[in-house]
Amino acid sequence: MTPPETPSLSPRTYGAELCSTTCRLWDTFWFTSRDPVVLGLIRILTGLMLVYTHLVWGLDLDTFLGPNSILDPNLVRAEQWTTWPSFWWYVPAEWVSAVHWGCLAVFVLFTAGVLTRLTSILALVIAVSYANRLFFATFGLDQINCMLAFYLAIGPSGDALSFDQWRRGRFTTGTASQTSRFAGPPSIGANIATRLIQLHMCVIYFYAGASKLNGNAWWDGSAMWLAFASYEYQTVDMTWTAWHPAVYNILTHVTVVWELSFCVLVWFRLLRPLVLALAIPLHIGIGLCLGMWTFGLIMLVGCLSFVSPWVVRAISGQPSAFSQKQSAISH
Amino acid sequence: MDAVPDIPEPTAPPDAGPPARPAGLSSEVKLALSLWLIFHVVGVILTPATASPLIESIYRRIYSPYLVPLHMIHRYRFFAPEPGPSGLIRWSIARADGSRLKGEFPHRDITPRQLYHRHFMLAERSLSKADQEAWFRAYAKHLLHKHGGESISLQHVFHLLPTAAEIQEGHALTDPEFYDVEEIGTWTREELQSPSTPAPPATSDISGGDTP
């Protein structure tokens, strides 16, 4: 028995179907409403990281931003192929401390969700200004800080878990009151910002994995040994693995495979919890063994964008604004 | 398995809190947003690939003015191509009374760890700068101003990575044989007073460090 023949598509029909399907998927992906609660949580965690990161700059403000900064402004500008925008180029020496503390105050307001529309934009400007001026003392943490600050500034990050929302919710009565103090209504803006964080995280992990393929140590399984053997990074002594090469071999290969596959596997709802669960030991390990807690934690904050709002609501005991059909892995 | 785009977002029931904002955006707004989203996402994807001359050219002409102000200029090469030796800067200041003050950065006594990593980056990045001499001079000027003294000498130290076999033989990470020291130079206070000449603009590859 021969199978039924599938109707063949003419080039014109194929083109039309391709267009309509792409448009439908595009529309679904970007322009559907999303509960802002995850974006609100990311705002709080990013804000706390911004506060801490910049508080630490302040511990040695004179070294980095003082009139005799170790990062000579003329040299920094010369190294940057065009002047990277930063208000620090224009701050007089006697104002450095006051401006620094003012910036920290903005970060605190942003974290608490006070005047979030304004403070989120200011937080972005401040984070970028520090990172551009002090570029040669920055690392991955600052890149992720700025990335998250940008998406939180363009999205309604103050619509949940914020002082702004709590104030708006006071004017609502009944059962809706508790919910509306906690989070505002679903919005397309929350969806766009969340989607952009998700895509950016995929790009970061893909390039992090792909660039490792240029190094022999990532192929022969010894790269994690090299990281453990770096005294300057070490916070926990992992040199015992010298007697157990299988340990650093496995860690090396798992790291590369996980980073390379993240951008594909994380979109499959059944695999997403597994992919995200693996992010936890990987990034906690970076903090524990290499001392880069801030970098490891901010990467996990970025990964939070893949977590369903339902999970955050369930943990916080807040009634869901969404249908119960929504599961932890379905968005 | 279903990928995300195939799953429509759930809608809010009327009794579960504040109603959703009107979901409908006009076609014109959707088109404008879509064009920006395509532009932005393509830029984010292309930026780490600027080793290619074609992409470098596109990046410089189109994306640089947009992404530089957002600090989205990175290649995300964390520990790539592979973890390598660390760089440290050792300094020694001669004082008027004949005594010497010595130090290095990064130093593990610098706390909190976040501040330690800032100093670590200063030492690491000095290797990849277009004008190393000017940068070392700037470091020297800062240190002499901070600690006082008549002259300052700098050394660049590479802390090499021992193999697993060397650790098994009984070596420690901090054994002197794993430190490779290079003299950078000595400057007097007067020499550091004269203005330094910055190097010509570097290429765009100043974001490509292998540190996370």
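Here is how names work: the chains are called A, B, and so on, in the same order as the sequence lines, proteins then strands, and each is numbered from 1.
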So, taking the atom named [atom1] in [X] and the one named [atom2] in [Y], what distance separates them when rounded to the nearest 0.5 Å?
X	Y	atom1	atom2	answer
A/I144	B/H74	CD1	NE2	8.5 Å
B/I73	A/N132	CD1	CG	6.0 Å
B/R75	A/S211	CZ	OG	10.5 Å
B/R118	A/L134	CZ	CG	8.0 Å
B/F79	A/L226	CZ	CG	10.0 Å

What's the shortest heavy-atom distance between [X] and [Y], and which atoms?
X	Y	result
B/P48	A/V203	CG-CG1, 4.4 Å
B/A164	A/A242	O-CB, 3.7 Å
A/I70	B/L122	CG2-CD1, 3.8 Å
B/F78	A/A208	CD1-CB, 4.1 Å
A/Q234	B/L173	NE2-CD1, 3.2 Å
B/W36	A/I154	CH2-CD1, 3.7 Å

Residues 38-47 of chain B: residues contacting chain A (heavy atom under 4.5 Å, by number): B/I38, B/H40, B/V41, B/V44, B/I45

Heavy-atom side-chain contact between A/Y52 and B/P112 under 4.5 Å: yes

Are the side chains of B/L37 and A/F29 in touch, meaning some heavy atoms are under 4.5 Å apart? no

Please check this pair: side chain of [X] against backbone of [Y], looking for a donor-acceptor N/O pair closer than 3.5 Å.
X	Y	result
B/R125	A/F135	yes
B/E82	A/W218	no
B/H145	A/N68	no
A/E232	B/S86	no

Please find out if less than 6.0 Å separates the ring center of [X] from that of [Y].
X	Y	answer
B/H119	A/F64	yes
A/Y205	B/Y76	no
A/Y231	B/Y179	no

Do [X] and [Y] have side-chain N/O donor and acceptor atoms under 3.5 Å apart?
X	Y	result
B/H71	A/D142	no
B/S34	A/W30	no
A/E79	B/W135	yes
B/H117	A/Y233	no

Let me see the working for B/Y139 and A/D72 under side chain to side chain contact (heavy atoms under 4.5 Å, CB included), right down to the final yes or no. CA-CA 8 Å; B/Y139 289 179; A/D72 184 324; over 6 Å; no

Run the side chain to side chain contact (heavy atoms under 4.5 Å, CB included) test on B/Q114 and A/F139 for me, step by step, so that the C-alpha distance in whole Å, both residues' side-chain angles and the decisive distance to 0.1 Å come before the verdict. CA-CA 10 Å; B/Q114 175 73 11; A/F139 54 101; 3.9 Å; yes

Identify which part of [X] has an atom lying under 4.5 Å from any heavy atom of chain B, answering side chain, backbone, both or neither.
X	value
A/I204	both
A/I192	side chain
A/T63	both
A/N216	both
A/W293	neither
A/L196	side chain
A/W225	side chain
A/V264	neither

Electrostatic pair A/D62-B/K146, nearest N-O below 4.0 angstrom: no

Applying side chain to side chain contact (heavy atoms under 4.5 Å, CB included), run through B/L115 and A/W57 and close with a yes or a no. CA-CA 7 Å; B/L115 191 58; A/W57 284 124; 5.8 Å; no

With sequence neighbours left out, what residues match B/R189 under side-chain hydrogen bond (donor to acceptor under 3.5 Å, both in side chains)? none

Give the intermediate values and the outcome of side chain to side chain contact (heavy atoms under 4.5 Å, CB included) for residues B/L70 and A/C146. CA-CA 7 Å; B/L70 300 176; A/C146 290; over 6 Å; no

